[in-house]
K.L.:
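Below: one structure in structure tokens.
These numbers were taken from a predicted model, which means no experiment stands behind them. For ligands, and for the atoms within them, numbers begin at 1 and follow the listed sequence. Side-chain atoms are counted along with the backbone in the values below, which use heavy atoms only and exclude waters and symmetry mates.
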Amino acid sequence: MARAVERAVMQETATGLGDLRERLDSARSVTVLTGSGISAESGLPTFRGVGGLWRTHRVEELASPQGFARDPRLVWTWYNERRTAHKGVEPSPAHAALARIEERVPDFTLATQNVDSLHVRAGSRNVLELHGKLREAKCTRCDARRPFDDAFDLEAIEHECGGMWRPDIVWFGEALPQDVLEAAFAAAHRADLMLVVGTSGMVQPAASLATKRVTSAYVVEINPEETALTPEVDRSIRARASDVLPQLAT
Ligand code: APR
């Protein structure tokens, strides 16, 4: 870890937030990038951590167009389980804190890699769901969409147009929704403060939003562990999201 980040980590850990609260109060434009770590505090598993989804499932078979083509019922079974898990949990204090912070910042954008709708349920308004949302299904052939509120009937996967219903999720190897991605890059570009919360920074293009190639913002990571983004950020606070964000929201 670069000496400057190491010093900042020690300073943050020792003194709490440092001048982060002042930076937030004076920020004109704030962008926040979140990952599954913020939802870990609601009780949902992350992807790569201990007990994470990718520790117990096969990525290529469950979250890829090839996997869906090979066994759509298996993929729907997995997403039905995740949808049920999402409905069984509540937004964490960290989700709620971000919704409160949004009220105080003139220009606030929340770009999330999460599909669990917890930011929306917590009251966040300007939310860019980079990897889709597990609230809708879409047809593989036409542009039909339908709600995905309860378990999807495995006997009703075919759509009348001849296509198949699939979760409205961006799978590995697929492009992110262009309008959402452009809005996220524009927000990162104009931000003067960026918070990166609960992501390992392993997946592109989402992680690139927090790099100096994309943003000139002062970037602060909030994560109990080092990540692929730690060397790139201005400060890395070794803490859980709910240890930091509620303090910033008061
Ligand atoms: N507070 C903050 N961060 C936390 C917490 C917490 N309470 N608990 C865990 N974390 C951190 C972990 O240290 C880790 O760095 O959350 C991160 C979770 O990383 P991943 O499991 O890789 O999840 P994520 O970064 O969201 O994955 C990105 O990859 O699998 C694809 O599309 C999927 O959106 C996902 C993307």
Side-chain angles (χ1 to χ4, degrees), residues 1 9 12-13 17 20 32-65 67-68 75 78-79 82 85-86 89-98 110-119 122 127-134 166-177 180-181 184 194-211 219-233 235-249:
M1 180 191 302
V9 168
E12 293 303 342
T13 311
L17 303 179
L20 184 52
V32 180
L33 172 67
T34 64
S36 61
I38 196 169
S39 297
E41 310 216 18
S42 294
L44 292 179
T46 62
F47 284 95
R48 296 170 180 83
V50 174
L53 292 169
W54 295 149
R55 286 275 189 280
T56 52
H57 293 77
R58 302 166 304 287
V59 174
E60 59 286 341
E61 290 196 30
L62 293 172
S64 72
F68 183 73
V75 174
W78 185 57
Y79 280 102
R82 288 186 64 193
H86 294 171
V89 299
E90 295 300 321
S92 73
H95 292 103
L98 287 179
L110 172 52
T112 186
Q113 299 171 89
N114 303 337
V115 300
D116 56 36
S117 306
L118 288 176
H119 285 302
V127 181
L128 300 173
E129 293 174 302
L130 301 171
H131 293 167
K133 54 206 180 284
L134 212 47
R166 56 164 280 185
D168 184 17
I169 298 292
V170 179
W171 281 332
F172 286 95
E174 293 187 319
L176 277 63
V180 171
L181 192 59
M194 181 177 285
L195 305 179
V196 181
V197 186
T199 181
S200 60
M202 304 276 281
V203 171
Q204 300 300 347
S208 68
L209 292 168
T211 63
V219 183
V220 180
E221 176 182 54
I222 300 168
N223 196 315
E225 298 174 10
E226 269 197 47
T227 74
L229 284 171
T230 301
E232 305 241 9
V233 300
R235 264 195 212 162
S236 193
I237 301 177
R238 284 287 161 277
R240 297 171 345 124
S242 289
D243 296 335
V244 176
L245 293 176
Q247 289 184 63
L248 285 180

K.L.:
Polar-atom distance check: A241 versus ligand 1, any N or O pair below 3.5 Å?
P.N.:
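A241 vs ligand 1: N/O contact under 3.5 Å present.
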K.L.:
If you count the atoms of ligand 1 from 1 in the order shown, which ones are under 4.0 Å from a heavy atom of G35?
P.N.:
26 (O)
K.L.:
Would you say T46 and R48 are linked by a side-chain donor-acceptor pair, where the criterion is simply a distance under 3.5 Å?
P.N.:
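R48 vs T46: no donor-acceptor pair found between side chains.
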K.L.:
Evaluate the ring planes of H95 and H119, with Trp represented by its six-membered ring, and classify them as parallel (under 30°), tilted (30 to 60°) or perpendicular (over 60°).
P.N.:
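Perpendicular, since the angle between the ring planes exceeds 60°.
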K.L.:
Do V115 and E129 have side chains that get closer than 4.5 Å, going by heavy atoms?
P.N.:
no
K.L.:
So is P224 touching ligand 1 or not, going by heavy atoms under 4.0 Å?
P.N.:
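Per 4.0 Å heavy-atom rule, P224 contacts ligand 1.
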K.L.:
Looking only at distances, please establish whether an N/O atom of ligand 1 is found under 3.5 Å from an N/O atom of S200.
P.N.:
yes
K.L.:
Would you say V197 touches ligand 1, if touching means a heavy atom closer than 4.0 Å?
P.N.:
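Checking ligand 1 against V197, which is what was asked, there is no heavy-atom contact under 4.0 Å.
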K.L.:
Show the atoms of ligand 1 that are less than 4.0 angstrom away from any heavy atom in T46.
P.N.:
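Contacts of ligand 1 toward T46, numbered from 1: 21 (O).
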K.L.:
Report the part of R48 in contact with ligand 1, treating N, CA, C, O as backbone and CB onward as side chain, heavy atoms under 4.0 Å; options are side chain, backbone, both, neither.
P.N.:
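Both backbone and side chain.
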K.L.:
Tell me which protein heavy atom sits closest to atom 30 (O) of ligand 1, plus the residue, atom name and distance to 0.1 Å.
P.N.:
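For this ligand atom, the closest protein heavy atom is W54 NE1, 2.7 Å.
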K.L.:
Among all protein heavy atoms, pick the one closest to atom 28 (C) of ligand 1 and tell me residue, atom and distance.
P.N.:
Q113 OE1, 3.2 Å
K.L.:
Tell me: protein heavy atom nearest atom 18 (C) of ligand 1, and distance?
P.N.:
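Residue, atom and distance for the closest contact: S36 OG, 3.5 Å.
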K.L.:
Given that the side chain starts at C-beta and the backbone is N, CA, C, O, which of these parts of T199 lies under 4.0 Å from ligand 1, counting heavy atoms, or is it both or neither?
P.N.:
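Both of them.
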K.L.:
I need the contact type for R240 against ligand 1. Using non-hydrogen atoms and a strict under-4.0 Å cut-off, is it side chain, backbone, both or neither?
P.N.:
both
K.L.:
For atom 7 (N) of ligand 1, which protein heavy atom lies nearest, and how many Å away is it?
P.N.:
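Scanning the protein heavy atoms, the shortest distance from atom 7 (N) of ligand 1 goes to E41 OE2, 2.7 Å.
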K.L.:
In terms of residue, atom name and distance, what is the protein heavy atom nearest to atom 32 (O) of ligand 1?
P.N.:
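For atom 32 (O) of ligand 1, the nearest protein heavy atom is H131 ND1, 3.2 Å.
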K.L.:
Check each heavy atom of W171 against ligand 1 and say whether those closer than 4.0 Å belong to the side chain, the backbone, both or neither.
P.N.:
neither
K.L.:
Does the side chain of L229 come within less than 4.5 Å of T211's, by heavy atoms?
P.N.:
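Yes. Closest side-chain heavy atoms under 4.5 Å.
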K.L.:
Could you tell me the residue and atom name of the protein heavy atom closest to atom 35 (C) of ligand 1, and the distance to it rounded to 0.1 Å?
P.N.:
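Among all protein heavy atoms, the one nearest atom 35 (C) of ligand 1 is F47 CE1, 3.5 Å.
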K.L.:
If we ignore angles and hydrogens, is there a donor and acceptor under 3.5 Å between the side chains of T230 and E221?
P.N.:
yes
K.L.:
Evaluate A239 for polar contact with ligand 1, using N/O atom pairs at a separation under 3.5 Å.
P.N.:
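In fact, backbone or side chain, A239 has no N or O that close.
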K.L.:
Numbering the atoms of ligand 1 from 1, which are under 4.0 Å from a heavy atom of G198?
P.N.:
2 (C), 3 (N), 16 (O), 17 (C), 18 (C)
K.L.:
State the atoms of ligand 1, each with its element, that fall below the 4.0 Å cut-off from a heavy-atom position in E225.
P.N.:
13 (O)
K.L.:
Please could you name the atoms of ligand 1 that F172 approaches to less than 4.0 Å, counting only its heavy atoms?
P.N.:
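So the atoms of ligand 1 that pass are 30 (O), 31 (C).
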K.L.:
Which distance, rounded to the nearest 0.5 Å, do you find between the CG of L17 and the CG of L248?
P.N.:
5.0 Å
K.L.:
Can you tell me which residue and heavy atom of the protein come closest to atom 9 (C) of ligand 1, and the distance to 0.1 Å?
P.N.:
G37 CA, 3.8 Å
K.L.:
Give the residue and atom name of whichever protein heavy atom lies nearest to atom 12 (C) of ligand 1, and the separation in Å to one decimal.
P.N.:
N223 OD1, 3.6 Å
